[in-house]
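A quick write-up on the structure given underneath.
Not measured: the values here are computed from a predicted model.
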Amino acid sequence: MTGWTGREITAAAGTRMHAAVLGPPSAPEVVCVHGLGCSHRYFLPLARHLVPASRVVAVDLPGFGRTPGPREPLNIRGLSLALAGWLRATGRGGAPLVANSVGCQVVVDLATHAPELLGPVVLIGPTMDADARSAWRQGIRLAANMRFEHPSLIPVLARDYLVCGPRRYFATLAAALADPIEDKLQHVRTPAVVMRGAHDFIVPQAWAWRVASLLPQGKLVEVPGAGHTLNYSAPADVARVIRTPPAISPGI
């Protein structure tokens, strides 16, 4: 919990869901949803940029971070149902949601079955590019992307990947590859900002534009010189969008 000032354990989705907290209790809350194999830990740089004006709550989905998961890894729908259960149990429906990578798929799926739980959303590097839905292509892109991330991200991810384990990691990857996010974006009726690092090899510019254009109230923001994990490697840019979102118009 280094750097976070608090933690919550909430009975939801048949488990005890953990969330890390930073910021004053009286401040407006921002909820963070992690990507594949990750946890609350890589949202800390962003949280530090948002406090004290915001209270940041970074939840661990079942099987990741400090939240125990079922023996059989959850697919995207299972993860979004877990997120919905946690939002309801904690009374955070309608709070702004900030998601990274596969976490974006979880948030978009949430909009298809529980749209009332969505507040404004920030989708950082939304996966999966429809033109690269294979594990080997994603692996190549991930490797190419890492040179544009902050070096200290590597041990953070390594620890989280070890915690979730290879079986859960690859099962969740397969579920994410099979999830057609582009068919669900129309259900996100709240203001939505898609953020992409200009050197994000996982999310090419054409795919980011497509995602933003399919959102009813979508806007694309690109961060120069950055890679895929903007919440860790370019947190000031993400915090700026959260605090002062750009004007959003339908179809970008």
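- Residue Leu110 holds its CG atom at 5.5 Å from CG of Leu83, rounded to the nearest 0.5 Å.
- One distance of note links CG of Asp200 with OG1 of Thr229; it measures 8.0 Å at 0.5 Å rounding.
- The two atoms that bring Asp160 and Ser39 nearest to each other are OD2-OG, 2.9 Å, heavy atoms only.
- Atom CD of Glu8 and atom CH2 of Trp86 lie 6.5 Å apart (nearest 0.5 Å).
- Following chains of ILVMFWY side-chain contacts shorter than 4.5 Å, one cannot reach Phe201 starting from Leu123, and the two form parts of different hydrophobic clusters.
- Membership of the apolar cluster around Ile140 extends to Trp136, as traced through chained side-chain contacts below 4.5 Å between ILVMFWY residues.
- Placement of Leu81 and Val31 in two distinct hydrophobic clusters is found when ILVMFWY residues are connected by side-chain heavy-atom separations under 4.5 Å, directly or transitively.
- Side-chain atoms of Val21 and His40, non-hydrogen and from C-beta on, never get closer than 4.5 Å to each other.
- The shortest non-hydrogen separation linking Val57 to Ala19 is CG1-CB, 3.8 Å.
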Evaluation steps, side chain to side chain contact (heavy atoms under 4.5 Å, CB included), between Val156 and Tyr232: CA-CA 10 Å; Val156 173; Tyr232 190 93; 4.0 Å; yes

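- Glu29 is linked by a salt bridge (Lys or Arg N to Asp or Glu O under 4.0 Å) to Arg55, Arg92, counting only residues two or more places apart in sequence or in another chain.
- Counting only heavy atoms from C-beta outward, the side chains of Arg48 and Val56 never approach each other to under 4.5 Å.
- Applying the ring-ring contact (aromatic ring centres under 6.0 Å, His included) test to His34 and every residue at least two apart in sequence or in another chain returns Phe64.
- Counting heavy atoms from C-beta outward, Ser101 and Leu36 have side chains that stay 4.5 Å or more apart.
- When side chains are defined from C-beta on, Val102 counts as touching Met128, because their heavy atoms get closer than 4.5 Å.
- The hydrophobic cluster around Val163 extends to none of the other residues, as no ILVMFWY side-chain heavy atom falls under 4.5 Å of it.
- The heavy-atom pair separating Ala192 from Leu215 by the smallest distance is CB-CD1, 3.8 Å.
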Going through the checks in order, is the side chain to side chain contact (heavy atoms under 4.5 Å, CB included) test met by Asp179 and Thr127? CA-CA 9 Å; Asp179 176 60; Thr127 51; over 6 Å; no

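- In this structure, Thr190 contributes its side chain and Gly119 its backbone to a donor-acceptor pair below 3.5 Å.
- Residues Val188 and Leu118 meet the side-chain proximity criterion, which asks for heavy atoms closer than 4.5 Å.
- Take Glu222 and apply the side chain to side chain donor-acceptor pair (under 3.5 Å) test, not counting sequence neighbours, and it matches Arg196, Gln205.
- Of all heavy-atom pairs between Gln105 and Ala176, the closest is NE2-O, 3.1 Å.
- Under the 4.5 angstrom side-chain criterion for Ile, Leu, Val, Met, Phe, Trp and Tyr, Leu162 has no cluster partners at all.
- No side-chain heavy atom of Val98 sits less than 4.5 Å from a side-chain heavy atom of Asn231.
- When every heavy atom of Gly23 is checked against every heavy atom of Thr5, the shortest pair comes out as N-OG1, 4.0 Å.
- Applying the side chain to side chain donor-acceptor pair (under 3.5 Å) test to every pair with at least one member in residues 165-175, sequence neighbours left out, gives these pairs: Glu72-Arg167.
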Dump the intermediate steps for side chain to side chain contact (heavy atoms under 4.5 Å, CB included) on Leu157 and Cys38, then the final yes or no. CA-CA 6 Å; Leu157 294 182; Cys38 305; 3.6 Å; yes

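- Follow the hydrophobic side-chain contacts under 4.5 Å out from Phe43 and you reach Ile154 in the same cluster.
- You'll find the side chain of Trp207 reaches within 4.5 Å of the side chain of Glu182, heavy atoms only.
- Between Leu173 and Ala135, the shortest heavy-atom distance links the atoms CD2-CB, 4.1 Å.
- Among residues two or more places apart in sequence or in another chain, the salt bridge (Lys or Arg N to Asp or Glu O under 4.0 Å) test is passed with Arg137 by none.
- In terms of modelled atom types and a separation under 3.5 Å, the side chain of Glu149 and the main chain of His228 share a donor-acceptor contact.
- Residues that satisfy the ring-ring contact (aromatic ring centres under 6.0 Å, His included) test with His199, not counting sequence neighbours, are Phe148.
- Both Val221 and Leu230 are part of a single hydrophobic cluster, where members link through side-chain heavy atoms under 4.5 Å apart.
- Taking Thr67 as the reference, nothing meets the side chain to side chain donor-acceptor pair (under 3.5 Å) condition, with sequence neighbours excluded.
- The CG atom of Leu22 lies 9.0 Å from the CG atom of Leu50; values are rounded to the nearest 0.5 Å.
- To the nearest 0.5 Å, atom CZ of residue Arg210 and atom CD1 of residue Ile181 are 10.5 Å apart.
- Atom CG of Leu61 sits about 11.5 Å away from atom SG of Cys164, to the nearest 0.5 Å.
- Screening Arg66, Arg41, His18 for a side-chain hydrogen bond (donor to acceptor under 3.5 Å, both in side chains) involving Asp60 leaves a single residue, His18.
- For Gln138, there are no side chain to side chain donor-acceptor pair (under 3.5 Å) partners, not counting sequence neighbours.
- Side-chain contact between Val30 and Val122 is absent, with no heavy atoms from C-beta onward closer than 4.5 Å.
- Legend: salt bridge (charged side-chain N to carboxylate O under 4.0 Å, His left out) pairs involving residues 74-86, not counting sequence neighbours, sorted by first then second residue: Arg77-Asp109.
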Walk me through it: do Asp129 and Arg141 pass the test side chain to side chain contact (heavy atoms under 4.5 Å, CB included)? CA-CA 11 Å; Asp129 178 6; Arg141 289 185 176 192; 2.8 Å; yes

